[in-house]
Amino acid sequence: MSKIVVLGAGIAGHVAASHLRRKLSKEHEVVVVSPNGNYQWVPSNIWVGIGRMKPKDILFPLAPLYAKKHIDYKQAKAVSFHPEGDSKEIKPYILAEYVTGDEKGTREKVTYDYLINATGPKLNFEATEGLSPGKNKTHSVCTYTHAQEAWIALEGLIKQMKAGKKTKILIGTGHAKSTCQGAAFEYILNVEQELRKHKVRDMAKITWISNEYNLGDFGMDGMLMSYGSNIMKSNEMVEMIFEDRGIQWILEAGVSKVEDGVVHYETLDGEYKKKKYDFAMLIPSFSGHGFKAYDKEGGDITDKLFRGFMIVDADYTPKPYEEWSVQDWPETYQNPSYANIFAPGIAFAPPHSISKPRKSKNGTDITPAPPRTGMPSGITAKLVADNIIGMIKHSNNELHHKGSMGNMGAACIASAGFGTTTGSGVSITTYPIVPDYNKYPDTQGRKLGKTFGTIGLAGHWLKLALHYAFIYKAKMKPFWWLIPE
Amino acid sequence: MTRRISKYKRFTMMNPIIQFFKFIYLSIKVLIVVAGGHGGTRNV
């Protein structure tokens, strides 16, 4: 009998737990430890942020589902890692602290045979002075509560615009090393469309602010893509959309400080600038959770498990951009020091960024961090679950399932406006996620055909269809496993 | 110079009948890219 502990119940953690439970017999124990009581379909947060969906539409409580599916669930947060146990506990364990109910504050040693760290990112608002959801007129759509607060503020602003107030809206990244530009891109287009629907578009000046070097970088160094019968760069496509929507843009901007209605940023030229706004949605930087790890004797071994995020089978050797390769990226998401610990999704430490790193004249790193959200999270979580199942069933440590982001496709179905007949979406697929310049030297590291983009109403329908399909899947309803990650 | 979305292109982008077929095409294409498999990069 084996006990698998999954930390986190986001996309990666929930995918891993559900596949483990489906494929392993009941004699094996699957335990989910997560401080969040709800599962949320994060990609639909942007629709909560424009008032087109309520939080209840994108979430469901985990406890009843896990009870029904025989998954042990502890609503607790991980405190520290003990991969060798300690003087009293011979098995490896996680020290977890309950966050709700009668047990709130109680700590428990949760032992395991296999550990999946799917804790995702810490939303590191503190890294940017003054950046905090709901303060200084800045908002976030990273969680459903943030998104709902953003909508309340935006709704208030729309009322002011209807009363004749001219406004400035700023949407983008709130740190020099933020990732998830895709979410901000979706939000700015949705906000723009909502203003048109409310007939106040002419009352707002909308500006995109980003740490990208080019529009459409998305933390993936941009892409060359098929667009209908043409071949187009992603920056050309995004520029075309922004021009069409009357959205202005500020690039190469490392936001360093936020005051009430004023954002301070540094550019690659080394200039320090300010931008005023009445409403802002800025994506924070993501960081690890700052977990500590200890060996059997209680010695600090944090650096064996973490470098911000969790260390996995990537090549972390520092090297210049010109020497980066897809082989640097992990394939199995297994920690090299402890073969029974894995970190899929955002929880793994990337070897480096995907976009070319750039420093300002003052030495500030202004480079998008690599995205690992959504689809890659699900795919890597499933392959980790499959490898653990293989290890249990064959009683060995061989890993047969591999999935490097350098040999994996991803789809980004970005909403560009909500509405059954008036909605729009920007559908982009990329293969591979990390460009392979050796394999595809003439097409900027990507395979054309599998890397394509299109804009239109179908994209909105597809995003909506994915919303319902993935919530169905997450609820583990009949044949859920037929829906790919 | 920035490309612009032409009137004809906008019509095709928002026409529900054209977009219905585009939806079918897109769903299949996305499925092929995403469910088309993945693997390692070090031993290929």
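Sequence lines set the chain letters: A, B, ... in the order given, protein chains first and strands last, and positions in each chain run from 1.
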Q: Which atom names give the shortest non-hydrogen contact between A:Ala411 and B:Val30, and what distance separates them?
A: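 For A:Ala411 versus B:Val30, the nearest heavy atoms are CB-CG1, 3.7 Å.
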Q: Could you check if a side-chain atom of A:Asp244 sits within less than 4.5 angstrom of a side-chain atom of B:Arg10, using non-hydrogen atoms only?
A: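 A:Asp244 reaches B:Arg10 side chain to side chain.
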Q: Side chain, backbone, both or neither: which part of B:Phe21 has a heavy atom under 4.5 Å from chain A?
A: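 Neither part.
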Q: Tell me whether A:Tyr472 at atom OH has more than 12 heavy atoms from other residues, nucleotides or ligands lying less than 6.0 Å away.
A: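 Result for OH/A:Tyr472: enclosed.
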Q: Does any part of the side chain of A:Asn407, heavy atoms only, come nearer than 4.5 Å to the side chain of B:His38, both counted from C-beta?
A: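 B:His38 vs A:Asn407: side chains apart.
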Q: Please find the pair of heavy atoms, one from A:Ser404 and one from B:Thr41, that lie closest to each other, and give the distance.
A: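 Shortest heavy-atom contact: OG-CG2, 3.6 Å.
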Q: Enter the distance from B:Arg42:CZ to A:Ser325:OG here, rounded to the nearest 0.5 Å.
A: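 Answer for the CZ-OG pair, B:Arg42 versus A:Ser325, is 8.5 Å.
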Q: Does a side-chain heavy-atom distance below 4.5 Å link B:Leu26 with A:Thr454?
A: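 Sidechains of A:Thr454 and B:Leu26: in contact.
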Q: For each of A:Leu383, A:Val326, A:Leu462, tally heavy-atom pairs with chain B at distances under 4.5 Å, and name the one with the top tally.
A: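 Answer, by heavy-atom pair count under 4.5 Å with chain B: A:Leu462.
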Q: Look up atom CD1 in B:Ile17 and atom CG in A:Leu457, then write down how far apart they are to the nearest 0.5 Å.
A: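 Those atoms lie 11.5 Å apart.
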Q: Below 4.5 Å, heavy-atom pairs only: which of A:Lys450, A:Met237, A:Lys447 has the largest tally toward chain B?
A: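 Ranked by contacts with chain B, first place is A:Lys450.
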Q: Determine the minimum heavy-atom distance between B:Gly40 and A:Lys402, stating which atoms define it.
A: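 Closest pair (atom of B:Gly40, atom of A:Lys402, distance): N-CB, 3.7 Å.
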Q: Is it true that B:Lys29 and A:Thr429 share a donor-acceptor pair across their side chains at a distance under 3.5 Å?
A: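 No.
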Q: For A:Glu331 and B:Gly39, indicate whether the former's side chain and the latter's backbone hold a donor-acceptor pair under 3.5 Å.
A: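 Flag not set: sc A:Glu331 to bb B:Gly39 has no pair under 3.5 Å.
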Q: Could you have a look at A:His401, A:Met232, A:Glu485 and say which one has the most heavy-atom pairs with chain B under 4.5 angstrom?
A: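 Most heavy-atom pairs under 4.5 Å with chain B: A:Met232.
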Q: For a 4.5 angstrom cut-off between non-hydrogen side-chain atoms, does A:Trp461 reach B:Ser27?
A: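 They are not in side-chain contact.
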Q: Let me know if A:Phe452 has heavy atoms under 4.5 Å from chain B in its side chain, its backbone, both or neither.
A: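 Contact with chain B involves the side chain of A:Phe452 alone.
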Q: In terms of heavy-atom proximity below 4.5 Å to chain A, should B:Leu31 be classed as side chain, backbone, both, or neither?
A: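 Side chain only.
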Q: Side chain, backbone, both or neither: which part of A:Met408 has a heavy atom under 4.5 Å from chain B?
A: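 Both backbone and side chain of A:Met408 come within 4.5 Å of chain B.
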Q: Do you know which of A:Asp313, A:Thr332, A:Ile413 has the most heavy-atom pairs with chain B at a distance under 4.5 angstrom?
A: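 Option with the top pair count is A:Asp313.
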Q: Minimum heavy-atom separation for B:Met14 to A:Gly423, with atom names?
A: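 Closest approach of B:Met14 to A:Gly423, heavy atoms only: CE-O, 3.1 Å.
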